Amino acid sequence: MRSASNRLQSQPMRLSRYFLPILKETPKEAEIVSHRLMLRAGMIRQESAGIYAWLPLGLRVLQKICAIVREEQNRAGAIELLMPTLQSADLWRESGRYDDYGKEMLRIRDRHERDILYGPTNEEMITEIFRASVRSYKDLPLNLYHIQWKFRDEVRPRFGVMRSREFLMKDAYSFDLDQAGARHSYNKMITAYLRTFKRLGLTAIPMMADTGPIGGDLSHEFIILASTGESEVFCHKDYLGFETPPETIDFDDPAAMQAVFDKWTSLYAATSEKHDAAAFAALPEEARVSARGIEVGHIFYFGTKYSAPMKAVVNGPDGKETAVHMGSYGIGPSRLAAALIEANHDEAGPIWPDAVAPFRVGLINLKVGDAACDGASARIHRALEAAGVDVLYDDRDERPGAKFAAMDLVGAPHQVIVGPKSLAEGKVELKIRRSGERELLGVEAAIDRLGGKA
RNA sequence: CGGAGUGUAGCGCAGUCUGGUAGCGCACCUCGUUCGGGACGAGGGGGUCGUAGGUUCGAAUCCUAUCACUCCGACCA
């Protein structure tokens, strides 16, 4: 079982004291399964078109996703900061994007009649921060990132948090002296992304992509395959078996990073916009994978597109000023929460991978008020919490059926069911959410198993 | 932004055509019986009928305006 490193700071949680507004019926507006289940499980609540409140259960998932994203960004040498959501229009006039961006940008006016905007991305601002302080090539390379709410005023938001107007995004920005350095930075992020998605329990494939309004000439989308995916994608089957770069890989070794890039871009992979039917048809038939995909990350190299007009320059070894080469690297944690459900669910609810489960263990006391059941449940709850496991303890005075349904909807990967029948023989039942597999174990054995000791 | 819809209790809906003072299921509260896959009975609480104007003795219902939300398409992390 994965270590407790991704555990949230939290108090022991009893469902009777929690805020988990689950719905028995499906709200009619929810078309896709992730949206439906997130509403039913009480993870999110829509407050406006494309704008959602994250309720406690959803927030836990979001925080766990962010923790993994953060760990892998840090491992790759990126440094976290936090930029504001609101930005000055003047900054965007410098890059020329204030007029280019169109109606997707939410424009606001403050009390002094100054134009401000709710940031859809942060290239301008990070460039401004960089140029204010960095003067020398010796301070390079640099990669700064933050995890912050963004807003894009989509014409038609839909699919819940999969395509919302407000969304959480990790965006990293790299600064290098030249193109070779920028390529290395790009390769580091590819490696970090492969590791990030793997840890989230997803198989993500980098695919050639259009650069969109951000511009540039090197860009990949990271796509996960899911039958309910929004777009059509085509790739070589071997990608599905490729090994993820290990934790120990040296991010400062350009050759190692280039090798990762070369391997993961060696075979055919493209979204429908970039699809080359002839190239795809040239693959052996059994190697062709044509599927639906969900974009969960997008990376760009765009050279001096912002640094030149915004004068983000450094002195090189030769004493001359040069505009830095930049790239940007996005992952959408809020969208990932939905994508994870699209990739992991059944009729009863989400089936979270251990790494992002809001609670790793769901503890069900089938007979609240029965001294033996209460005692065994409390013992298990305390022991697992002490072992660093997130446990949701259903101590409500409800009927068994309602408890089973609720816990399946929460999606805890491991369930412990404490009922009078099995407890009479000193046993509790362990259920694996994904497979439905059940096993009877003694109380202490169950604690050891789920606490990671056995 | 084009096209199509919907706004009535927390959720799902009926009532609107044909105007007469608001109803059903789930959820919620109380009591009882239940209790290993979303129980049953009895009782109860909760609604400015999206909003504003108009017509009328009387408007959820008819008229006008407006707002919000949803779906299809184009667009997009």
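Lettering follows sequence order; numbering is per chain, from 1. Just so it is clear, the model here is predicted, and its values are computed rather than measured.
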So the side chain to side chain donor-acceptor pair (under 3.5 Å) pairs with at least one residue in residues 391-407 of chain A (sequence neighbours excluded) are A/Ser16-A/Asp395, A/Asn365-A/Tyr393, A/Asp394-A/Arg396
Residues at least two apart in sequence or cross-chain that pass side-chain hydrogen bond (donor to acceptor under 3.5 Å, both in side chains) with A/His220, listed by chain then number, are A/Tyr186
Of B/C71, B/G37, B/G38, the nucleotide closest to the side chain of A/Arg40 is B/G38
Margin query: Below the 4.0 Å mark, does B/C1 have OP1 or OP2 next to a side-chain nitrogen or oxygen of A/Lys103?
Written below: yes
A/Asp394 CG to B/C35 P, in whole Å, measures 19 Å
Handout entry: Check: B/G36 base within 3.5 Å donor-acceptor of A/Glu429 side chain
Key = yes
key: A/Arg152 charged N/C atom sitting above A/Phe167 aromatic ring, 6.0 Å / 45°   = no
By ring-ring contact (aromatic ring centres under 6.0 Å, His included), A/Tyr173 pairs with (sequence neighbours left out) none
* To do: Taking atom types as modelled, find out whether A/Gln46 and A/Tyr52 have a side-chain donor-acceptor pair closer than 3.5 angstrom.
  => yes
The salt bridge (Lys or Arg N to Asp or Glu O under 4.0 Å) partners of A/Lys150 (sequence neighbours excluded) come to A/Asp171
A/Glu295 CD to B/C75 P, in whole Å, measures 15 Å
Under a 4.0 Å heavy-atom cutoff, the residues of residues 153-175 of chain A touching RNA chain B are A/Glu154, A/Val155, A/Arg156, A/Arg158, A/Arg163, A/Ser164, A/Phe167
Could I get a table of every N or O pair under 3.5 Å where one atom is in the protein and the other is in nucleotides 29-31 of chain B?
none

Test log, rule side-chain contact (heavy atoms from CB on, under 4.5 Å), inputs A/Asn122 and A/His146: CA-CA 10 Å; A/Asn122 286 66; A/His146 75 339; 3.6 Å; yes
Separation of B/U70 atom C1' from A/Ile32 atom CD1, nearest Å, is 15 Å
| P atoms of B/C17 and B/C63, separation to the nearest Å | 9 Å
Does A/Asp100 pair with A/Arg97 as a salt bridge, N-O distance under 4.0 Å?
no
Problem - A/Arg36/A/Glu31 salt bridge by N-O under 4.0 Å criterion - result: no
- Looking for any heavy atom pair under 4.0 Å, which part of the strands does A/Gly419 touch: base, sugar-phosphate only, or nothing? base
Look at A/Arg399 and B/A39 and indicate whether a side-chain polar atom (N or O) is within less than 4.0 Å of OP1 or OP2.
yes
Check your understanding: Any Lys/Arg nitrogen of A/Arg107 or A/Asp115 sitting under 4.0 Å from an Asp/Glu carboxylate oxygen of the other?
Key -> no
Q | Salt-bridge contact A/Asp346-A/Arg434 (side-chain N to carboxylate O under 4.0 Å) | A | no
With the side chain defined as heavy atoms from C-beta on, A/Pro400 is closest, among B/G37, B/A77, B/G36, to B/G36
N/O to N/O distances under 3.5 Å, protein versus nucleotides 41-50 of chain B:
none

The correct set of residues in residues 47-55 of chain A placing a heavy atom under 4.0 Å from RNA chain B is A/Ser48, A/Ala49
| Do A/His325 and A/Tyr301 have a side chain donor and acceptor closer than 3.5 Å? | yes
### Message
It should be established whether A/Lys24 places a side-chain nitrogen or oxygen under 4.0 Å from OP1 or OP2 of nucleotide B/A27.
### Response
yes
Listed pairs under 3.5 Å, donor-acceptor, residues 436-447 of chain A side chains, sequence neighbours left out:
from	atom 1	to	atom 2	distance (Å)
A/Glu437	OE1	A/Ser435	OG	3.4
A/Arg438	NH1	A/Glu429	OE2	2.4
A/Glu439	OE1	A/Arg449	NH1	3.2
A/Glu439	OE2	A/Arg449	NH2	3.2
A/Glu444	OE1	A/Arg379	NH2	2.6
A/Glu444	OE2	A/Arg379	NE	2.9
A/Glu444	OE2	A/Arg379	NH2	3.4

Show me the protein contacts with nucleotides 12-15 of chain B, counting only N or O atoms at under 3.5 Å.
from	atom 1	to	atom 2	distance (Å)
B/G12	OP1	A/Lys28	N	3.4

In short, salt bridge (charged side-chain N to carboxylate O under 4.0 Å, His left out) pairs touching residues 227-239 of chain A with sequence neighbours left out are A/Glu230-A/Arg335
Hits for ring-ring contact (aromatic ring centres under 6.0 Å, His included) against A/Phe251, two or more places apart or cross-chain, chain-then-number order -> none
Using Watson-Crick geometry (N1-N3 plus N6-O4 or O6-N4) or G-U wobble (N1-O2, O6-N3), each under 3.5 Å, B/G25 is paired with B/C11
Any ion pair linking A/Arg75 and A/Glu72 (charged N to carboxylate O, less than 4.0 Å)?
yes
